[in-house]
Asks: 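One structure follows; several queries about it will come next.
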Amino acid sequence: MIALNSPIKPDLKKLTKLLEQINNNGWFTNFGPLHKELTARLEDYLGVKNLLLTNNGTSALQVAAKAIGTRSILATPFSFVATASAFKWQKDELAFADIDKQSLNLSPETIRLAYRKGCKADTLVATHVYGNPCDVNALDELSEKYNFQIIYDAAHAFGVNIAEKSVLNYGEASTLSFHATKIFHTVEGGAIIFKDRVNLEKAEEIINFGIRPGRGVVDVGINAKLNEYQAAVGLVNLEEIDNILEHRAELFHKYREGLKNIVELPQWHPQANANGAYMPILLKSEEEMKAVSDGLAEHNIQSRHYFEPSLDKIFVDSHNYGTRNSVSSSSRVLCLPMHAHLTSENVKKVINIMGKLL
Ligand SMILES: *Cc1c(COP(=O)(O)O)cnc(C)c1O
């Protein structure tokens, strides 16, 4: 079988060494030495400052929202449910704009229209969907014009740069997920990258019950800390990440080259590198998408219809500034197998069968 996804498996020898270190330290969680080391290594690897580890990517969004201060958001409807539910959970008002048909990312034009129609959202929540960066410069301009801040859900964008600059350096904050199914993982985990140091310091308190060392509780907090075991997995996996990113990008380009005349592919940001986080394709209709998915399954190839539904169909009481493109794309998008253990031969086989099916 060719699996849709397959998590990277940490080298057990290296991992055991670190677990022994944790036992020797007797320090299992609460900003321990491995936590500190992983933070520094990730900042260095990703080319960012002000990175805070969290226990997952959803809490990263929630804590970012609390630290920055959000009340009402305008979000992309084409993303994983957590992109919106993280804000809804803390009773933010929710509104949706539409995506661009080609990139599947929030369309600057629809954001402009939403604000012209009276949208009052103080925060834009944009996903770099499938690791394909948003039009960050256009969103920056709009954020100045309409006076909103931006949180990027960068759960798919580990290792993605725009003209050599990390996408994580845009917006007030960007969040990552280190779930086992993501490119880089700590089993469960995540991170927030803040533009401003003060927000990082606030968030550090928020993820630890609102406690400020030496001062007691100064804020309403939660427990969203990454523990030492998770940090150990992260440190081991990080050693492999260069090879993994290179391999996935190669597979991604092979797929795109082999499929470009057969099926519609999302348009990638022209200045960004691919990280091969996902391999999305767009079929002509929901029927064709289902037929292709079934056809692949007959050859023991997994595929997955996501993201669907368009999030405005889940959060039906939110304000909707028009989500036609998102509704259409989410009905006919399909992700093909993509993971670190996939081979070029696997990709060739999938392309071959796609050619026969279409
Ligand atoms: C995975 C994912 C999340 C949630 O991350 P968890 O670590 O699973 O909580 C949020 N947003 C997007 C776009 C994701 O893909």
Side-chain angles (χ1 to χ4, degrees), residues 4-8 38 42 51-66 70 73-90 92 94 96 99 103-106 123-134 136 150-160 167-168 170-171 173-193 203 207 222-227 229-231 233-234 237 248 266 275-280 304-312 314-315 326 329-330 333-335 338-339:
L4 178 73
N5 198 347
S6 166
I8 44 174
L38 183 60
L42 281 171
L51 181 146
L52 180 67
L53 294 169
T54 58
N55 58 350
N56 60 63
T58 306
S59 62
L61 284 165
Q62 293 173 323
V63 171
K66 271 265 191 277
T70 61
I73 66 160
L74 181 64
T76 175
F78 190 75
S79 187
F80 184 55
V81 62
T83 305
S85 61
F87 296 86
K88 189 79 179 166
W89 172 264
Q90 45 208 17
D92 279 1
L94 204 55
F96 294 104
I99 57 168
S103 72
L104 308 181
N105 282 319
L106 263 181
T123 306
L124 185 77
V125 179
T127 302
H128 302 298
V129 80
Y130 304 123
N132 182 23
C134 297
V136 287
I150 305 175
I151 294 179
Y152 284 108
D153 183 338
H156 307 162
F158 189 97
V160 174
V167 285
L168 305 170
Y170 291 88
S174 293
T175 62
L176 291 167
S177 165
F178 301 152
H179 186 263
T181 54
K182 304 284 155 80
I183 290 190
F184 165 80
H185 78 83
T186 59
V187 187
E188 291 267 8
I192 314 165
I193 293 90
I207 66 167
I222 195 160
N223 181 0
K225 304 183 301 289
L226 187 96
N227 67 52
Y229 269 59
Q230 292 170 300
V233 171
N237 285 342
R248 293 180 78 127
N275 64 356
Y278 296 86
M279 184 54 216
R304 196 167 151 207
H305 177 209
Y306 69 168
F307 296 96
E308 66 80 31
S310 183
L311 294 178
D312 52 294
I314 298 178
F315 302 100
S326 176
S329 301
S330 62
V333 70
L334 191 69
C335 284
M338 178 57 98
H339 53 83

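These numbers come from the heavy atoms of this one structure, side chains and all, not from hydrogens, waters or symmetry mates. Note that the numbering runs from 1 along the sequence shown for the chain. First listed ligand is number 1; within each ligand, the first listed atom is number 1.
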Asks: State the atoms of ligand 1, each with its element, that fall below the 4.0 Å cut-off from a heavy-atom position in Gly57.
Replies: 5 (O), 6 (P), 7 (O), 9 (O)
Asks: In terms of atom number and element, which parts of ligand 1 are under 4.0 angstrom from non-hydrogen atoms of Gly189?
Replies: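 Contacts of ligand 1 toward Gly189, numbered from 1: 7 (O).
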Asks: I'd like to know if the side chain of His128 reaches the main chain of Cys134, judged simply by a donor and an acceptor atom lying under 3.5 Å from each other, with no hydrogens or angles considered.
Replies: yes
Asks: Which ligand 1 atoms, with their elements, are less than 4.0 angstrom from a heavy-atom of His156?
Replies: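 Near His156, meaning under 4.0 Å from one of its heavy atoms, ligand 1 has 13 (C), 14 (C), 15 (O).
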Asks: Quick check on ring-ring contact (aromatic ring centres under 6.0 Å, His included): which of Tyr306, Phe307, Phe184, Phe78 does His156 satisfy it with?
Replies: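 One option only clears the test, and that one is Phe307.
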Asks: Report the residue from Asn56, Asn55, Thr54 that forms a side chain to side chain contact (heavy atoms under 4.5 Å, CB included) with Thr58.
Replies: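 That would be Asn56; it is the only one of Asn56, Asn55, Thr54 passing the side chain to side chain contact (heavy atoms under 4.5 Å, CB included) with Thr58.
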Asks: As an exercise, identify every atom of ligand 1 less than 4.0 angstrom from a heavy atom of Asn56.
Replies: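 The list of qualifying atoms is 7 (O), 9 (O).
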Asks: Within ligand 1, which atoms have a heavy atom of Ser79 less than 4.0 Å away?
Replies: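 Near Ser79, meaning under 4.0 Å from one of its heavy atoms, ligand 1 has 13 (C).
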Asks: Check for a donor-acceptor pair, side chain of Gln90 on one end and backbone N or O of Gln62 on the other, with a separation under 3.5 Å.
Replies: yes
Asks: Would you mind checking which non-hydrogen protein atom is closest to atom 4 (C) of ligand 1, with the distance to 0.1 Å?
Replies: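 Ranked first by proximity to atom 4 (C) of ligand 1 is Thr58 OG1, 3.5 Å.
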Asks: Where is the tightest heavy-atom contact between Thr83 and Leu61, given as atom of each residue plus distance?
Replies: CA-CD1, 4.0 Å
Asks: I need the nearest protein heavy-atom contact for atom 14 (C) of ligand 1: residue, atom name and distance, please.
Replies: Lys182 NZ, 3.2 Å
Asks: Closer than 4.0 Å to some heavy atom of Ala155 - which atoms of ligand 1 meet that?
Replies: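 So the atoms of ligand 1 that pass are 2 (C), 11 (N), 12 (C), 13 (C), 14 (C), 15 (O).
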Asks: For ligand 1 and Ser177, I'd like to know whether there is a polar contact (N/O to N/O, distance under 3.5 Å).
Replies: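 Min N/O separation from ligand 1 is below 3.5 Å for Ser177.
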Asks: Given 3.5 Å as the limit, does a donor-acceptor pair link the side chain of Asn5 with the main chain of Thr181, or not?
Replies: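 It does hold such a pair.
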Asks: Check whether any N or O atom of Asp153, backbone or side chain, sits under 3.5 Å from an N or O atom of ligand 1, and answer yes or no.
Replies: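 Such a contact does occur with ligand 1.
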Asks: Minimum heavy-atom separation for Ser79 and Thr127, please, with both atom names.
Replies: OG-OG1, 2.9 Å
Asks: I need the atoms of ligand 1 closer than 4.0 Å to a non-hydrogen atom of Thr83, numbered in the order shown.
Replies: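 Near Thr83, the atoms of ligand 1 are 11 (N), 13 (C).
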Asks: I need the minimum non-hydrogen distance between Asn275 and Gly131, along with the two atoms involved.
Replies: OD1-CA, 4.1 Å
